[in-house]
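The sequence lines fix the lettering, A, B, ..., with proteins before strands; numbering per chain opens at 1.
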Protein chains: 2
Amino acid sequence: MECKNVPIINKTKYAILGILTLMPCSGYDIKKFCDKGISCFWNENIGHIYPVLKQMENEELVTKRTEQSEGNPPKNVYTITQKGKEELEKWMKLPIEHSPERLELLLKMFFAKSVSVQYIIKELENEKNRCLKTLEESLKAEEELSNNERARNDLGYPYWLATIKYGIENSRFKIKWCDETLANISNYKKGE
Amino acid sequence: MECKNVPIINKTKYAILGILTLMPCSGYDIKKFCDKGISCFWNENIGHIYPVLKQMENEELVTKRTEQSEGNPPKNVYTITQKGKEELEKWMKLPIEHSPERLELLLKMFFAKSVSVQYIIKELENEKNRCLKTLEESLKAEEELSNNERARNDLGYPYWLATIKYGIENSRFKIKWCDETLANISNYKKGE
DNA sequence: GTATCCATGTAACCAGTTACATGATTGC
DNA sequence: GCAATCATGTAACTGGTTACATGGATAC
């Protein structure tokens with residue numbers, strides 16, 4: 001059987017291009033930015049970023065330069081090119097592709113009657129706590145952004161704020177749903 | 001380079017096992033059930049279902065029998081085995097694995113300042129309309145379920161209802177967010 | 001002395017998608 | 001006549017994850 005080495009493409013590429021419009025970055029920087037700045041709606045895998053960056057260099061969407069600094073290992077810093085900016089813009093104008101929804105919690109809920117209710121309650125409580133944590137983080141991010149003079153004057157401000165607001169309301173809706181579902185399940189148990 | 005044929009596993013397997021606890025199904029039936037019953041939180045690919053079913057047969061999680069019926073092509077109907085039920089239960093008791101969030105709409109919002117606002121407005125309107133449609137569908141599903149005598153008496157009822165309610169509230173939150181974001185963006189534009 | 005952060009990179013693997021092949025039947 | 005539905009299946013591909021290798025610096 002043949003096994004070709006095919007080019008690596010898509011979403012990761014555009015996420016990287018977008019981040020590079022904000023500032024030149026190393027692969028490691030990109031990963032950090034994802035984890036700290038946009039992880040509530042976007043995630044990248046470090047093992048995927050490096051090969052994609054290499055390919056993007058071949059496609060001339062980015063340029064690489066090596067930066068030396070005392071104490072730290074050398075860094076490969078990537079800068080977006082004009083061609084890269086055009087590629088990003090082209091993608092931005094394309095309609096969104098919705099990847100098929102797959103919510104494991106909901107799948108388990110759907111088949112929940114096959115196990116004791118305690119497992120479901122545990123899952124719902126876990127999910128609620130997870131959402132409470134992200135809600136707190138999102139609220140902090142909102143405060144930080146709206147207190148940042150430079151950010152407030154940036155053209156991107158209303159968009160950045162919108163992404164944070166999404167995170168906040170998303171968490172709130174999920175917390176409410178967990179509470180209501182926990183209440184319903186308990187009621188149902190009593191009624192049996 | 002070597003290219004091994006590795007066994008196909010995971011989430012799809014458990015979704016199929018769960019569906020087979022409801023009734024024996026062919027691959028095609030499973031796909032239809034996903035599309036019509038649980039697509040708002042779970043999706044399967046028909047090209048993936050067949051090989052996974054074959055592998056599950058090898059693992060003795062399901063048994064196959066061929067059903068002939070006039071007019072239609074023959075059907076391979078799969079039934080869950082005791083071993084399959086145990087495998088499902090084992091998974092049900094395991095904590096949920098959250099797959100990394102990747103919301104393309106939010107990613108585009110984050111980099112939106114690099115294109116004209118009209119493209120973003122278009123996307124937000126599309127998203128809103130999509131959510132309005134799924135909201136309508138979810139409300140219909142809720143009504144149907146609560147009017148179904150047999151479903152109401154099933155142990156699964158509160159869980160099924162919870163999944164639908166999730167769909168409803170999820171759509172509502174997204175619609176609200178789209179509206180608010182559209183309003184904010186317009187305000188910002190006027191303020192410029 | 002141990003863990004974490006900094007930093008890059010590759011190979012193997014995995015799960016899922018797309019496209020294709022096949023072919024009968026039903027509805028417009 | 002054409003599209004859609006019923007029905008099964010495979011091969012090639014894609015995109016992403018995990019595990020590993022390397023190694024210095026810093027923090028507890």
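Atom CG of A/Asp35 is separated from atom P of C/dT4 by 15 Å (rounded to the nearest Å). Whole-Å rounding puts the A/Lys11 NZ to D/dG15 C1' distance at 11 Å. As rounded to whole Å, 10 Å separates atom P of D/dT14 from atom CG of A/Asn10. Between the CG atom of A/Leu53 and the P atom of C/dA7 there is a distance of 14 Å, rounded to whole Å. C/dT17 atom C1' lies 18 Å from atom NE2 of A/His98, rounded to whole Å. One can place CD1 of A/Ile30 at 12 Å from P of C/dG9, the figure rounded to the nearest angstrom. B/Ile49 has its CD1 atom 14 Å from the P atom of D/dT10, to the nearest Å. With rounding to whole Å, A/Glu44 atom CD is found 17 Å from C/dG9 atom C1'.
In this structure, B/Glu123 has no salt bridge (Lys or Arg N to Asp or Glu O under 4.0 Å) partners at least two apart in sequence or on a different chain. B/Asn43 is linked by a side chain to side chain donor-acceptor pair (under 3.5 Å) to nothing, counting only residues two or more places apart in sequence or in another chain. With sequence neighbours left out, B/Glu97 forms a side chain to side chain donor-acceptor pair (under 3.5 Å) with B/Lys11. For B/Glu137, the salt bridge (Lys or Arg N to Asp or Glu O under 4.0 Å) test picks out no residue, with sequence neighbours left out. The side chain to side chain donor-acceptor pair (under 3.5 Å) check on A/Lys54 picks up nothing, with sequence neighbours excluded.
Of the candidate nucleotides C/dT8, D/dT17, D/dT8, D/dT8 has the atom lying nearest to any side-chain atom of B/Ile46. Counting only heavy atoms from C-beta on, B/Lys75 has its side chain closest to D/dT8 among C/dA15, D/dT8, D/dT17. When the nucleotides D/dG9, D/dT8, D/dG15 are ranked by their closest atom to the side chain of B/Lys64, D/dG9 comes out on top. For B/Lys32, the listed nucleotide lying nearest its side chain is D/dC6; candidates were D/dG15, D/dC6, D/dT8.
In terms of phosphate contacts, B/Thr12 brings no side-chain nitrogen or oxygen within less than 4.0 Å of OP1 or OP2 of C/dA15. OP1 and OP2 of D/dT8 both lie 4.0 Å or more from every side-chain N or O belonging to B/Tyr28. Proximity of A/Asn45 to the phosphate of D/dG15: no side-chain N or O atom is located under 4.0 Å from OP1 or OP2. A sub-4.0 Å separation between OP1 or OP2 of C/dT10 and a side-chain N or O of A/Lys54 is present.
A/Ser171 and A/Thr134 get closest at one heavy-atom pair: OG-OG1, 3.2 Å.
The 5' end of DNA chain D is approached more closely, in terms of each residue's nearest nucleotide, by B/Tyr50 than by the other of A/Asn43 and B/Tyr50.
Between A/Phe110 and B/Tyr166, a ring centre-to-centre spacing not shorter than 6.0 Å is recorded.
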If a protein heavy atom is under 4.0 Å from the base, mark B; if only from the sugar-phosphate, S; if neither, -; do that for nucleotides 19-25 of chain C going 5' to 3'. ----B-S
